[in-house]
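Everything below concerns the one structure shown next.
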Amino acid sequence: MQHVLPDERGHYGEFGGKFVPETLMTALEELEAAYARYKDDPKFKTELEFYQRTYIGRPTLLYFAEQLTKHYGKAKIYLKREDLCHGGAHKINNTIGQALLAKRMGKKRIIAETGAGQHGVASATAAALFEFECQVYMGEEDTRRQSLNVFRMNLLGTEVIPVTSGTRTLKDAMNEAIRDWVTNVETTHYMIGSVAGPHPYPMMVRDFQRIIGDETREQMLKIEGRMPDYIIACVGGGSNAMGIFYPFVGTGVKLIGIEPAGYGLDTGRHGAPLTKGDKGVLHGSLSYLLQDEYGQILPAHSISAGLDYPGVGPEHSYFKDNGLAEYSSITDKEALAAFQLLSKKEGILPALESAHAVAYLEKMIDKTSKDDIIVINLSGRGDKDVQVVADALGVRL
Amino acid sequence: MQHVLPDERGHYGEFGGKFVPETLMTALEELEAAYARYKDDPKFKTELEFYQRTYIGRPTLLYFAEQLTKHYGKAKIYLKREDLCHGGAHKINNTIGQALLAKRMGKKRIIAETGAGQHGVASATAAALFEFECQVYMGEEDTRRQSLNVFRMNLLGTEVIPVTSGTRTLKDAMNEAIRDWVTNVETTHYMIGSVAGPHPYPMMVRDFQRIIGDETREQMLKIEGRMPDYIIACVGGGSNAMGIFYPFVGTGVKLIGIEPAGYGLDTGRHGAPLTKGDKGVLHGSLSYLLQDEYGQILPAHSISAGLDYPGVGPEHSYFKDNGLAEYSSITDKEALAAFQLLSKKEGILPALESAHAVAYLEKMIDKTSKDDIIVINLSGRGDKDVQVVADALGVRL
Amino acid sequence: MVVTKLNRIDEIFKQLRATKRSALMPYLMAGYPDIEASLSLLISVAEAGADLIEFGIPYSDPLADGPTIQAASEVALTTGVNTDIAFDLVKKAREKIETPIAVMTYYNAIYRYGLERFAGNAAESGVDGVICPDLPPEEASPWSEAAAQYGLANIMFAAPTSTNERLKKIAHMSRGFIYCVSLTGVTGARTNLPSNLTDFIGRVRKVTDKPLAVGFGISQPEQAKQVADIADGVIIGSALVSLIGADRETCTDAAAAYISKIREAMDS
Amino acid sequence: MVVTKLNRIDEIFKQLRATKRSALMPYLMAGYPDIEASLSLLISVAEAGADLIEFGIPYSDPLADGPTIQAASEVALTTGVNTDIAFDLVKKAREKIETPIAVMTYYNAIYRYGLERFAGNAAESGVDGVICPDLPPEEASPWSEAAAQYGLANIMFAAPTSTNERLKKIAHMSRGFIYCVSLTGVTGARTNLPSNLTDFIGRVRKVTDKPLAVGFGISQPEQAKQVADIADGVIIGSALVSLIGADRETCTDAAAAYISKIREAMDS
Ligand SMILES: Cc1ncc(COP(=O)(O)O)c(C=O)c1O
Ligand SMILES: Cc1ncc(COP(=O)(O)O)c(C=O)c1O
């Protein structure tokens, strides 16, 4: 089955679209046109591939986790090592792509939103490399909790603007970035960090991230001579999951996205819109999201800042409703245990986000056999999370 | 000129040797024998190459720093991206090698010393992967300053033992590790983290690190079709520098090692034994070191913990006295400036150690021309140093 | 149930056009500064000379709004106001005033409430139109149809960045009037009108003869006067909201006085 | 200047062998607990029955030593003691005692001071031998020669981990006696003697008839007695150092009393 969404209007079935102020519509049309023009342009592709290879460090490894496999004694477990990307996460795949596009569009300035700072740092990195002026919106609460990342962005030449509205976290930072964009739309490119936002972002970010899946497919065929049986990835906005899923859609490989169940799905303190949310519009597209009966957005919770978002990319909503992927969830506690397990068994500290995907092994490995193959997308490294993990485990540093 | 040192007794001219308690001599002989046996063993080499490729992520990139090159407008500048290694520094090249050897020697336990924690984390990582029991000695002072790294090692299953003797820093941790080794020599492999210590360590660690230079040579020939003119690397114990220098010794490429000048060479608060030290014996080998007129070891100082060591690998002393490499030094302040420059220009935060090598550009680039090629060994990434840099720049996080 | 009587919005613009006057269109927010006061404000502002009132339902994520309305929304939401209560306030106001009322809210509040249900309840409460700042024409059809079914005007936005092509589409689809955003930016009082406003309004005029109201940034009587000279309606949002927020005790009178002053300037 | 008179160390072992007794060899440290006291200790310990005194020059990085001697070294270094002062203390002690004295220090202290200079000054002060725990036979030749030139005994170490091959080399090279490390480990008092000590001493005996002294871990009179039965010398280090550190005021008497007690046990 060939999957050919979104449609011309940026819809994935009933999801997606462009729900933004009229002021931005022309900019979105321009972006769409520019992207359509360059995405298959040989020079653009060559340049993108050049930076993927020489700067990001692609291809990243597809690593056979021998110790972890031994530990469970069931399916063979592989890790796609996005944590080895420059910067330590998959986010840079997207920001380098968008920066190259923004350069061609003649933009001089980049803005971005960030939660814990991963996408902010990735944006600042791309901005430094390609000499853009860059400003990153970050909830005031987050700037305090993640002051090291704020300084990291500053070192990269980016100004971080603390956002004091709403819940002062990621979703408000995104609101504020959109407000900036509305105001400075002619000079500025808005660099969205996941497969969320109005069309063409979910499509474009997916395309920049699908390199993860393309490589995985090629590497798996080379190593094992066949396709994997399962692919597991965490879902915040959904970009790393979409990136690794996309080339496998419709091939029969089981695609499993893991949302953060936070304190537990029943506590109401989680970040699992696909599992527990309702359809609605947030940040420019229609998708599942956490909201009350009047459509007011509810705050998300996850121990992992990168998954702490009340929405999700619209294509995942489509995948869910059409059975192209399954979605499940993992609590903070389960993610913490997986963080520790992978560290001990493989000497690899996963990002807490990625630890959610690793944790899902506990729930599904029993139904696999030694002949099965699982790929987990290790979307980022865990060094950024060591303090959070220590706090959660009650270790005083 | 073929460089064929050390001699049979582990001497590099007058340097090197095995100045250790008699209790350890047999262990050193065994290690020497095991290493001699396996280093050219095809199965060992294949296994080492397997982990280099599939776990560490080798080959690392040789990256053309276009923005930095533009900034100076002189020689072309390349960065050897050891910061992209799993764990974030070159240290793992050595620990994986030693762990594979220790496995073959039937050892069950690994001990290591660490300053800021880089080598400790790399040792803990290798220990986790190959299921060794692991204990790491770390100055008590350092365990406090680097509590995140202590916890990181704990997560990897390693116990960190705070060392309360002497200056409570790296050199004392190394003393304590040697004491442990003397006590448990039969079951335990001591994993030294640099080209220091008694023979065969300086040779063995060099051999495990020379992959940096071997790759650089091959990559440079492929990219530029010729050898570089200069190679610059920072020198703490000297392993990253030796690793990249070694395959270029005697080829005419100018090899430049950069020691930490700390507050300034004249302040006495630095870590530059090659520049300002005297010959002596520390931790098992004869080399240049910081000491008083009675041979008491003097504490080193550098803003970068990984360079904060009063000794240096004996082969560097030999290189210096025989003109096979030049050595210069860079102050804390200069390194900080280079840290900021590289972050802004290339979107790459270098380890403060590596920033010393980058900083040397300021001192030498004027005498280069656009036809020249410089390679800087980017031995590690700077994420670990963000707090230190903020403190040094007076930024409150 | 299809409402067939002529919409109050069309009515007012017909009247104003006949007298060559521009509409004064203040923005109020349900639940701001509190629920009761927002009802008194509806009435007093109407009586002070408003031709049409925009009545905002506060939203958690008002991404087209500047700091003033964002802050007001946060306050309003803490009063427990919601869509039903907002409709109820309109119904109560209708006991006293006949001024056209357009509810302003973000699309998710409509979508989640249910398009038909929202339109039906709004119309039944006496609401005349709906303004939804994050619903461009591309996505507007389902809502437009639901609104039309209940005789509600779906008022759409035109922006200086809109191409002529888009302006045509917007004008064609918009009912009641067209909300012309004076500048590229969010809501919020500004001291000067954008220099290219006349050109922009001219561009919109070329594609439609529907009434054009200008909003975003207007706060001073002189600005209102200048806008009144080129457009059919003058929208006053953040300036009024911030005046209301400044002193809750006196806000009803202060708002009325401010609206009278603007009215005066516009009619001068 | 080559010193030709018979070394006091050879002399004492000759005497002891003749009487079938073992040497009692306490360890003291220059500058510990302070400079003056370390001189008094040299004399009182000698008078209490020591056959040979190891006199440590404190070192910044004593990697063969356990916590007791490490801590003592740190204290001693703060007194300003150094190699010259240590030699001077020996010279002063020589006014009162003829007990053989072997200086113990790490190789860098010798190397940096200068091999010839160290040997010359040591000999001139009345030092009889030098014990250097980080100088294995492979690296010992330059120092052995310098020491020999000044009639100093270069005392070398044998360890339980040493192969028979190595023991031969060590025995051949060592002068005065051979320092047999009782166990794999660092200095420090232990409650039990290692079970394989007899075997180890036996292995060394097989390759040499030079005197064998055993050190590392001996603290109790009974241990000293047991060691005296199989070896030619009993080295008491950390136990004595920690006794001295316990009470500076009375340390001279306490050390003397302790040595007498050991002496008694050994001779019983
Ligand atoms: C390492 C890592 N993984 C996953 C995510 C979640 O984002 P997404 O779902 O778009 O991949 C983040 C976001 O910051 C991240 O840093
Ligand atoms: C990144 C990095 N570079 C350099 C060094 C210095 O060690 P060496 O001189 O052995 O390469 C260290 C030591 O921790 C390090 O972490």
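All chains are named by letter (A, B, ...) in the order of the sequence lines, taking the proteins before the strands, and each is independently numbered beginning at 1.
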Tell me, for [X] versus chain B, whether the close heavy atoms (under 4.5 Å) come from the side chain, the backbone, both or neither.
{"X": "D:D84", "value": "both"}
{"X": "D:F157", "value": "both"}
{"X": "D:I170", "value": "side chain"}
{"X": "D:A158", "value": "backbone"}
{"X": "D:Q70", "value": "side chain"}
{"X": "D:I110", "value": "neither"}
{"X": "D:P160", "value": "neither"}

For [X] and [Y], which I'm curious about, is there any donor-acceptor pair between the side chains at under 3.5 Å?
{"X": "B:H283", "Y": "B:Y309", "value": "yes"}
{"X": "B:H11", "Y": "D:E139", "value": "yes"}
{"X": "D:Y150", "Y": "D:E124", "value": "no"}
{"X": "B:D207", "Y": "B:Y35", "value": "yes"}
{"X": "D:Y106", "Y": "D:D65", "value": "yes"}
{"X": "B:D180", "Y": "B:Q135", "value": "no"}

**Item:** Interface moiety of B:L286 toward chain D, non-hydrogen atoms closer than 4.5 Å
**Value:**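 Contact with chain D involves the side chain of B:L286 alone.
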
**Asked** For B:V185, is it the side chain, the backbone, both or neither that has a heavy atom under 4.5 Å from a heavy atom of chain D?
**Response**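 Side chain of B:V185 only, per the 4.5 Å heavy-atom cut-off to chain D.
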
When [options] are compared by non-hydrogen pairs under 4.5 Å with chain D, the top option:
{"options": "B:T26, B:L282, B:V20", "result": "B:V20"}
{"options": "B:D278, B:V182, B:L298", "result": "B:V182"}
{"options": "B:L289, B:L24, B:D292, B:I297", "result": "B:I297"}
{"options": "B:E176, B:M174, B:R9, B:K18", "result": "B:K18"}

Among [options], which residue has the highest count of heavy-atom pairs closer than 4.5 Å to chain B?
{"options": "D:E74, D:R166, D:M156, D:E138", "value": "D:R166"}
{"options": "D:G114, D:P133, D:A109", "value": "D:P133"}
{"options": "D:Y113, D:Y179, D:Y111", "value": "D:Y111"}

**Item:** Option from B:Y288, B:F319, B:Y318 for which ring-ring contact (aromatic ring centres under 6.0 Å, His included) with B:F15 holds
**Value:**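 Checked B:Y288, B:F319, B:Y318 against B:F15; only one passes ring-ring contact (aromatic ring centres under 6.0 Å, His included): B:Y288.
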
Carboxylate-amine/guanidinium proximity below 4.0 Å for [X] and [Y]:
{"X": "D:R203", "Y": "D:D199", "value": "no"}
{"X": "D:D88", "Y": "D:K91", "value": "no"}
{"X": "D:D128", "Y": "D:R175", "value": "no"}

**Message:** Using a 4.5 Å heavy-atom cutoff, which residues in residues 161-172 of chain B come close to chain D?
**Reply:**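 If one takes a 4.5 Å heavy-atom cut-off, the residues of residues 161-172 of chain B near chain D are B:S165, B:G166, B:K171, B:D172.
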
**Request:** Please check if the distance between the ring centroids of D:F118 and D:F87 is under 6.0 Å.
**Result:**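 Under 6.0 Å, so yes.
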
**Request:** Only one of B:L307, B:D308, B:L290 passes side chain to side chain contact (heavy atoms under 4.5 Å, CB included) with B:H270; say which it is.
**Result:**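 With B:H270 as partner, side chain to side chain contact (heavy atoms under 4.5 Å, CB included) holds for just one option, B:L290.
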
**Prompt:** Do side-chain atoms of B:K107 reach the backbone of B:E186 as a donor and acceptor pair under 3.5 angstrom?
**Reply:**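 Side chain of B:K107 to backbone of B:E186: a pair is present.
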
**Asked** Should we count NZ of D:K168 as having more than 12 external heavy atoms under 6.0 Å?
**Response**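 Not more than 12 within 6.0 Å, no.
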
